[in-house]
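Keep in mind that what you see is a predicted model, and the values were worked out from it rather than measured.
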Amino acid sequence: MLCAGLALALCALQLVPAALAGPQPPLLVERSGARRLSKVGGFAWENCGDKRDPVVLQSLSVAPDPISIPGSLRVSAAVKSGKTMGSPLKAALVVEKALGDLWIQLPCIDQLGSCTYNDVCSILDELIPPGTPCPEPLLTYGIPCHCPFKAGSYSLPASDFDVPDVELPSWMTNGNYRVRVVVSNGGEELSCVKLAFSLHSH
């Protein structure tokens with residue numbers, strides 16, 4: 001999962017706000033026009049699969065907290081995979097936003113939000129055409145960016161990334177979010193990870 005996850009995450013560093021997109025219930029909607037994302041903070045993660053899941057996220061660190069945008073961040077991660085992961089890899093996301101004591105699930109619109117992606121391998125091939133080198137720092141640390149992903153241990157030492165200016169749509173409200181990601185193949189769950197963070201804009 002680190003291989004696929006890191007490859008996608010390198011793109012997602014610039015797309016996280018959009019990944020939460022989608023129309024929301026009226027209580028969550030702001031009509032004040034587009035705003036610029038200024039900070040992402042309160043980042044936390046945990047594995048949510050059972051002990052039988054063959055792919056386990058062992059560590060994940062994102063700094064600083066909060067992350068100023070535009071700005072830079074440092075990411076490190078380690079994953080252990082007990083099984084080769086091949087096509088088709090399915091990723092199911094549930095994205096929720098806090099509304100008081102309640103968590104409201106955001107819908108899937110235009111492939112963004114609480115969506116199911118039935119073939120992550122194809123998405124990676126579109127983002128990183130086969131035959132081209134994997135982007136840094138995956139290339140330096142020998143982390144593959146295309147299926148199949150062989151069983152083994154993979155680690156990304158602390159690596160710096162630049163995060164560009166990001167404009168949020170008017171309905172993308174400030175607040176706390178959580179995301180549950182389940183990766184599976186042929187109906188078999190391979191990994192489950194929960195992420196939490198907050199968004200602040202101006």
Side-chain angles (χ1 to χ4, degrees), residues 1-19 40 43-49 51-65 67 69-93 95 111-112 115-164 166 179-186 188-197:
M1 174 160 175
L2 178 69
C3 309
L6 284 178
L8 288 172
L10 290 177
C11 300
L13 287 174
Q14 300 181 16
L15 300 176
V16 163
V40 178
F43 182 80
W45 68 275
E46 64 177 336
N47 290 295
C48 48
K51 295 181 180 180
R52 294 174 297 176
D53 281 2
V55 183
V56 177
L57 181 61
Q58 296 178 307
S59 67
L60 176 61
S61 174
V62 179
D65 189 356
I67 301 163
I69 297 177
S72 61
L73 75 159
R74 177 164 290 188
V75 179
S76 63
V79 162
K80 184 175 182 179
S81 175
K83 183 174 183 177
T84 296
M85 298 185 294
S87 181
L89 281 181
K90 178 179 178 181
L93 276 65
V95 181
Q111 293 300 303
L112 300 173
C115 300
T116 297
Y117 305 95
N118 290 311
D119 194 349
V120 173
C121 298
S122 293
I123 296 174
L124 287 172
D125 287 345
E126 291 177 6
L127 294 173
I128 310 167
T132 61
C134 292
E136 292 294 351
L138 301 184
L139 183 62
T140 294
Y141 296 113
I143 301 173
C145 57
H146 293 285
C147 298
F149 301 105
K150 296 180 180 180
S153 295
Y154 297 92
S155 64
L156 175 70
S159 301
D160 294 325
F161 299 89
D162 291 324
V163 182
V166 176
V179 181
R180 183 176 186 267
V181 184
V182 176
V183 178
S184 62
N185 177 278
E188 177 190 4
E189 181 174 305
L190 300 175
S191 183
C192 177
V193 174
K194 289 182 179 179
L195 307 173
F197 51 89

Is Val40 close to Leu73 at the side-chain level, that is, under 4.5 Å between some pair of heavy atoms?
no

Can you tell me how far CH2 of Trp45 sits from OG of Ser59, rounded to the nearest 0.5 angstrom?
6.5 Å

Can you list every pair that meets side chain to side chain donor-acceptor pair (under 3.5 Å) and has a residue in residues 122-133, with sequence neighbours left out?
Asp119-Ser122, Asp125-His146

Contact between Ser81 and Val55 at the side-chain level, heavy atoms closer than 4.5 Å - yes or no?
yes

Thr84 and Pro148 have their tightest heavy-atom pair at CG2-CB, 4.0 Å

Scanning both residues in full, the closest heavy-atom pair of Ile143 with Cys134 reads O-SG, 4.2 Å

Identify the heavy atoms of Phe149 and Tyr154 that sit nearest to each other, and give their distance.
C-OH, 4.5 Å

Taken to the nearest 0.5 Å, the spacing of Met85 CE from Glu188 CD works out to 11.0 Å

Please step through side-chain contact (heavy atoms from CB on, under 4.5 Å) for the pair Val182 and Cys192, ending with a clear verdict.
CA-CA 4 Å; Val182 176; Cys192 177; 3.8 Å; yes

Taking the side chain as every heavy atom from C-beta outward, state whether Leu93 and Cys115 have any pair of such atoms under 4.5 Å apart.
no

May I ask you to decide if Lys90's main-chain N or O and Asn185's side chain share a donor-acceptor pair within less than 3.5 Å?
no

Does any part of the side chain of Ile128, heavy atoms only, come nearer than 4.5 Å to the side chain of Pro135, both counted from C-beta?
yes

Between Val62 and Phe197, does a side-chain contact (heavy atoms from CB on, under 4.5 Å) hold up when you go through it step by step?
CA-CA 11 Å; Val62 179; Phe197 51 89; over 6 Å; no

Any side-chain heavy atom of Pro137 sitting closer than 4.5 Å to one from Leu156?
yes

Could you walk me through whether Phe161 and Ile67 satisfy the side-chain contact (heavy atoms from CB on, under 4.5 Å) test, starting with their C-alpha distance in whole Å, then the side-chain angles of each, then the deciding distance to 0.1 Å, before giving a yes or no?
CA-CA 11 Å; Phe161 299 89; Ile67 301 163; over 6 Å; no

Are side-chain heavy atoms of Val183 and Val120 found at a separation under 4.5 Å?
no

Can you see which heavy atom on Leu57 is nearest to which on Ala78, and at what distance?
CD1-O, 3.5 Å

Looking at side-chain heavy atoms only, is the closest gap between Ser72 and Asp160 below 4.5 Å?
no

Spatial distance of atom CG (Leu195) from atom CD (Glu46) [nearest 0.5 Å]:
9.5 Å

Smallest heavy-atom separation, Gly82 atom then Ala151 atom, equals C-CB, 3.9 Å

Validation row: Leu60, Phe43 side chains within 4.5 angstrom (heavy atoms):
yes

Please lay out, stage by stage, how Asn47 and Asp53 fare under the test side-chain contact (heavy atoms from CB on, under 4.5 Å).
CA-CA 10 Å; Asn47 290 295; Asp53 281 2; over 6 Å; no

Specify the closest pair of heavy atoms between Tyr141 and Ser159, including all atoms of both residues, with the distance to one decimal.
CE1-OG, 3.9 Å

